[in-house]
Amino acid sequence: MHAWLMKSEPDECAIDDVLAAPKHRTPWSGVRNYQARNFMRDTMRVGDGVLFYHSSCAEPGIAGLAEIATAAYPDPTQFDGQSPYYDPKSTPSAPRWFCVDVRALRKTRLVPVSELRAHPSLAKLWTLRPGNRLSITPVSATEWKFICGKLL
DNA sequence: GCCAACGTTGGC
DNA sequence: GCCAACGTTGGC
């Protein structure tokens with residue numbers, strides 16, 4: 001199993017919103033970064049663990065636990081001319097962008113990014129790398145166990 | 001709202 | 001295929 005940290009702006013989609021949704025699921029659409037797309041398309045598997053992270057907000061940090069609910073499929077928003085994520089260069093026969101569905105499992109206490117940074121065990125956590133801007137980053141098995149076992 | 005870091009774009 | 005300009009991210 002792989003594990004991931006996935007960033008969402010709580011103004012757009014908070015952990016509570018996903019927990020309130022049918023089947024506790026939401027499509028992770030709108031990713032327009034090739035590296036993040038490749039993670040979803042090539043490496044994610046159903047059942048992978050997800051740290052649900054709130055970003056660009058008053059209290060950025062881990063806010064919940066989730067899991068990958070589907071394999072990657074073409075992101076429908078890329079074909080929707082009304083969507084802010086519309087991509088005129090993408091076609092249904094050769095879709096450029098993919099998404100997965102994420103199922104929220106539970107809300108956790110808010111673990112602030114400052115607390116993550118303070119733990120030597122998490123010194124190599126991808127999302128904490130200087131200048132990191134990826135919204136989807138891998139979490140190692142060791143990091144996953146540490147976070148789930150000690151921090152949540 | 002600032003700003004550093006980074007990815008993408010497009011002219012050449 | 002280089003690289004400057006631009007837009008975006010995201011913590012502070």
Side-chain angles (χ1 to χ4, degrees), chain A residues 2-21 25-44 48-69 72-140 142-144 146-148 150-152:
Chain A
H2 296 101
W4 308 92
L5 183 144
M6 299 175 77
K7 294 181 186 176
S8 180
E9 299 188 14
D11 288 350
E12 301 290 326
C13 179
I15 184 71
D16 283 334
D17 298 324
V18 189
L19 284 168
R25 277 165 67 154
T26 191
W28 210 264
S29 53
V31 172
R32 296 294 180 266
N33 170 282
Y34 288 104
Q35 197 171 2
R37 176 203 69 181
N38 292 347
F39 282 143
M40 289 196 286
R41 191 189 58 185
D42 305 334
T43 316
M44 277 185 181
D48 281 358
V50 174
L51 301 170
F52 195 105
Y53 183 98
H54 285 176
S55 70
S56 296
C57 57
E59 278 193 302
I62 296 168
L65 277 175
E67 67 180 11
I68 302 300
Y73 59 94
D75 180 344
T77 63
Q78 70 195 306
F79 307 124
D80 176 2
Q82 304 307 307
S83 168
Y85 302 116
Y86 176 61
D87 184 348
K89 293 180 181 173
S90 184
T91 64
S93 59
R96 178 180 292 196
W97 305 111
F98 288 78
C99 62
V100 297
D101 285 2
V102 169
R103 173 167 38 239
L105 298 176
R106 67 179 177 90
K107 192 174 184 174
T108 64
R109 80 178 179 93
L110 197 287
V111 183
V113 63
S114 56
E115 183 176 337
L116 299 177
R117 285 191 193 283
H119 284 286
S121 313
L122 300 179
K124 294 190 175 172
L125 190 65
W126 188 312
T127 195
L128 299 181
R129 290 180 187 177
N132 171 70
R133 280 176 26 192
L134 270 185
S135 62
I136 299 175
T137 50
V139 176
S140 77
T142 310
E143 291 159 347
W144 175 262
F146 178 80
I147 292 168
C148 292
K150 300 268 176 62
L151 298 191
L152 298 184

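All values below come from the heavy atoms of this structure, side chains included, with hydrogens, waters and symmetry mates left out. In what follows, every chain begins at residue 1, and chains take the letters A, B, ... in the order their sequences are listed.
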Closest to side chain of A:Lys89, choosing from B:dT8, C:dG11, B:dG10: B:dG10
Near-strand residues of residues 110-132 of chain A, defined as heavy-atom separation under 4.0 angstrom from DNA chain B: A:Pro130, A:Gly131
Contact list (N/O, under 3.5 angstrom) for nucleotides 4-7 of chain C vs protein:
from: C:dG7; atom 1: N2; to: A:Arg133; atom 2: NH1; distance (Å): 3.3

Distance in angstrom units between A:Gln35 CD and B:dT8 C1', rounded: 14 Å
Results of side-chain hydrogen bond (donor to acceptor under 3.5 Å, both in side chains) for A:Arg37 - residues two or more places apart only: none
Of all pairs that satisfy salt bridge (Lys or Arg N to Asp or Glu O under 4.0 Å), the ones with a partner from residues 74-83 of chain A, not counting sequence neighbours: A:Arg32-A:Asp75
Selection from C:dG10, B:dT8, C:dG11 that lies nearest to any side-chain heavy atom of A:Ser135: C:dG10
Separation of C:dG11 C1' from A:Glu59 CD (nearest whole Å): 14 Å
Partners meeting ring pair (Phe, Tyr, Trp, His ring centres under 6.0 Å) with A:Tyr86 (sequence neighbours left out): none
Under the salt bridge (Lys or Arg N to Asp or Glu O under 4.0 Å) test, residues paired with A:Glu115 that sit two or more places apart: A:Arg109
Per A:Lys7 side chain, nearest of listed nucleotides C:dG11, C:dG10, B:dT8: C:dG10
Would you mind writing out the side-chain donor-acceptor pairs for residues 97-106 of chain A within the sub-3.5 Å range, not counting sequence neighbours?
from: A:Trp97; atom 1: NE1; to: A:Asp87; atom 2: OD2; distance (Å): 2.8
from: A:Asp101; atom 1: OD1; to: A:Tyr73; atom 2: OH; distance (Å): 2.5
from: A:Asp101; atom 1: OD2; to: A:Arg25; atom 2: NH2; distance (Å): 3.3
from: A:Arg103; atom 1: NE; to: A:Glu67; atom 2: OE2; distance (Å): 3.0
from: A:Arg103; atom 1: NH2; to: A:Glu67; atom 2: OE2; distance (Å): 2.9

Between C1' of B:dT8 and CG of A:Asp87, the distance in whole Å: 12 Å
Side chain to side chain donor-acceptor pair (under 3.5 Å) contacts touching residues 5-20 of chain A (sequence neighbours left out): A:Asp16-A:Lys107
Counterpart residues, ring pair (Phe, Tyr, Trp, His ring centres under 6.0 Å), relative to A:Phe39 (two or more places apart): A:Trp4, A:Trp126
Separation of atom CZ in A:Arg32 from atom P in C:dT9, rounded to whole Å: 11 Å
